Visitor: 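I have a structure I would like to understand better, so I am pasting it below and will then ask my questions one at a time.
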Amino acid sequence: MKALIGVICVHLWLSISVAAQAPEILKVDPPSWWTRSTVNPVRLMIHGRNLQDARVEVQGLRIINTKISESGTYVFADVFIAPTARPGRRSISVTTPRGSARSSFEVLAPLNRPGRFQGFSPNDVMYLIMIDRFADGDPSNNGGIYDRKNKFYYHGGDLQGVIDHLPYLKDLGVTAIWLTPWYDNYDRLNQIELKEDKPSTGFHGYNPQDFYTVEEHFGTLAKLRELVEAAHRSGIKIIQDQVMNHTGPYHPWVDDPPTPAWFNGTKSKHLNNVFQTWALHDPRAVESLKRETMEGWFLDFLPDLNQHDPEVSRYLIQNTLWWIGTTGLDGIRMDTWQYVPNSFWRDWTSAVKREFPNFKVVGEVKDGDVVHTSFFQGGRVRFDGVDSGLDSLLDFPLFYPIRHAFAEGKPIDEIPKTLAKDYLYTNPEILVTLLGGHDDGRFMSEKGATIEGLKLANAFVLTTRGVPQLYYGDELALEGGDEPTTRGDFPGGFAGDKRNAFSVGGRNKDQQELIEFIRKLTKLRRDYEPLRTGALVNLYVSEQQYAYARKTPRNAVVVVFNNDNNAATIEFDVSRVTAGGVWQDQLGVSRPVQIVDGKMQVSLPKRSAAIFVR
Ligand SMILES: [Ca+2]
Ligand SMILES: [Ca+2]
Ligand SMILES: [Ca+2]
């Protein structure tokens, strides 16, 4: 009996050890690619176990340059996709002397270009949606760490919820939706980043644990494709929010990096990010002065990807192209732009433009100083010898004056004084202008904010130069003074909501007037080309009054603000803009104005704006 148990034990031990040594495939990145791409071969990163000495084969496709990580958990292999390769799923196999494992890789037909990969321009009105907080279109995905009463948990919003409300957005005049990241975030409580001393979740999407999968609370890749198609049919573009600076704290790479230098530092030994961002554009700063800012772990817990590692760079570039190429989306908003080396961005933007020439990217450089933000816009080689190729930036230098003037009632002249620095940008016309976003308290929670002020801010953003961006819920004058409350649920987007503000009956009088006002502004922007593409000409500036024109060679629109708490009459020279005529205010505030001797005299009630067209 004893001997028999011994035999069974040896047998068991043998089968366990053989099983432990056989190769296994856990994941293949990217899972698919399309024919006739500018990227060929495509580099596969196969994640698995026991991959030492592996030979990789993909059915019917040629493989070269196989590289295996020392740990035997990653294989990099280049796969050629012939232009004539038939679309379809291919078997991929990894063989070692100890066995073999299979997975699959899909060859896709390239998506038709017309109506896809469109980029964005001042012809667009962008609308920022935090997916989890907009609308719950599919309660079946509300599992896991879901609790609407906890402001740091998932609330149920999803891609189906966005699809369901495309008509609402179209009616508002929106032509492009920027969605917060849809990457798969960790499926557990975040014990590393405590919020109000308690664990939080990745509902916001900025802590990816998998760059190739859609978050299960939001939907699937098929649902994302459906959203892009449905939006395009409604004349609405889709802007993806991407993160290339860091991963989430629970990404499997953190404990098992694919290359030794995949991250800057390790979980136990890394620099803490210090926000010494001014050093990034200091021509005199030595590299070590920039290192903590560039290579530190954001907030000390977000693992910092090392884009100087050629495998990291290749992985990230392919990842970006894959989301665009497989879904047909139109633009990218790039998170934490300034913490990633410009040399990487140069390679990344050129790869994006090579494959999708009309595509556009807006970078987040959160800083109120034009001297700082303008450094990061592409279109010219900087002292570091690099042109980053970045099209656009979120216009934070203009965001703060908008808040100061229109929410707090401070002097409006801070706005034209900021615009006067536009010459520092290579292209100020493509900057994305905003009065609200998901990282700042809402406009209506600023000290002194009123509906009148919010209307003025909307009138400004929708008539000045740039690409206007609205923030979900600001059209309802929602409040929320800090990060969690600025990300509140859209009323009516969720089962059991007391009122549904997606429809007229669920709005109060102020909300309905505000929505109608914004709709009027987006329509004016659509109807009058100068408001989209015209040169911005500053005509008159005083402490609380500001007048400007948007002028094309054929036409002009004149916009006048009185931000004062008293009525005001101002007179200014418009001879550079128009020869004369009678001008009508489209907002119904001012009487028609006759131009006399090249001068326009305008009387406005307190805290109001007029938009004059001829
Ligand atoms: Ca849901
Ligand atoms: Ca997840
Ligand atoms: Ca970094």
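A quick note: this is a predicted structure, and the numbers were derived from the prediction, not measured. Counting starts at 1 for both ligands and their atoms, in listed order. No hydrogens, no waters, no symmetry mates; every other heavy atom, side chains included, goes into these values.
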Visitor: Taking the N/O/S atoms of Asp138 one by one, which is nearest to the Ca ion (ligand 1)?
Guide: O
Visitor: Just to confirm my numbers, could you give the angle made at the Ca ion (ligand 1) by OD2 of Asp158 and OD1 of Asp136, rounded to 10°?
Guide: 80°
Visitor: Measuring to the Ca ion (ligand 2), does Asn185 have an N/O/S atom at a distance below 3.0 Å?
Guide: yes
Visitor: If I consider every N, O or S atom in Asp184, which one ends up closest to the Ca ion (ligand 2)? I only need its name.
Guide: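 Of all N, O or S atoms in Asp184, the Ca ion (ligand 2) lies closest to OD1.
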Visitor: Mind checking whether His438 and Tyr206 have ring centres under 6.0 Å apart?
Guide: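 Distance test on ring centres: under 6.0 Å, yes.
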Visitor: At a threshold of 3.0 Å, where the distance has to be below it, does the Ca ion (ligand 2) have an N, O or S atom of Asp187 nearby?
Guide: yes
Visitor: Should the pair Arg133 and Phe203 be classed as cation-pi, given the thresholds of under 6.0 Å to the six-membered ring centre and 45° from the axis?
Guide: yes
Visitor: Need the atom name: nearest N/O/S atom of Glu216 to the Ca ion (ligand 2).
Guide: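 Minimum-distance N/O/S atom of Glu216 relative to the Ca ion (ligand 2) is OE1.
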Visitor: Checking Asp164 now: which residues fulfil side-chain contact (heavy atoms from CB on, under 4.5 Å) with it, not counting sequence neighbours?
Guide: Gln160
Visitor: Just by distance, do the side chain of Tyr74 and the backbone of Asp256 share a donor-acceptor pair under 3.5 Å?
Guide: yes
Visitor: Has the side chain of Arg89 got a donor or acceptor atom that lies under 3.5 Å from a matching backbone atom of Glu106?
Guide: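 Pair absent, no side-chain N/O of Arg89 close to backbone of Glu106.
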Visitor: What does the angle at the Ca ion (ligand 3) come to, between atom O of Tyr339 and atom OD1 of Asn245, rounded to 10°?
Guide: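 O of Tyr339, the Ca ion (ligand 3) and OD1 of Asn245 span an angle of about 80°.
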Visitor: Has Asp158 got a side-chain atom pairing as donor or acceptor with Asp136's backbone, closer than 3.5 angstrom?
Guide: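 Answer holds: no.
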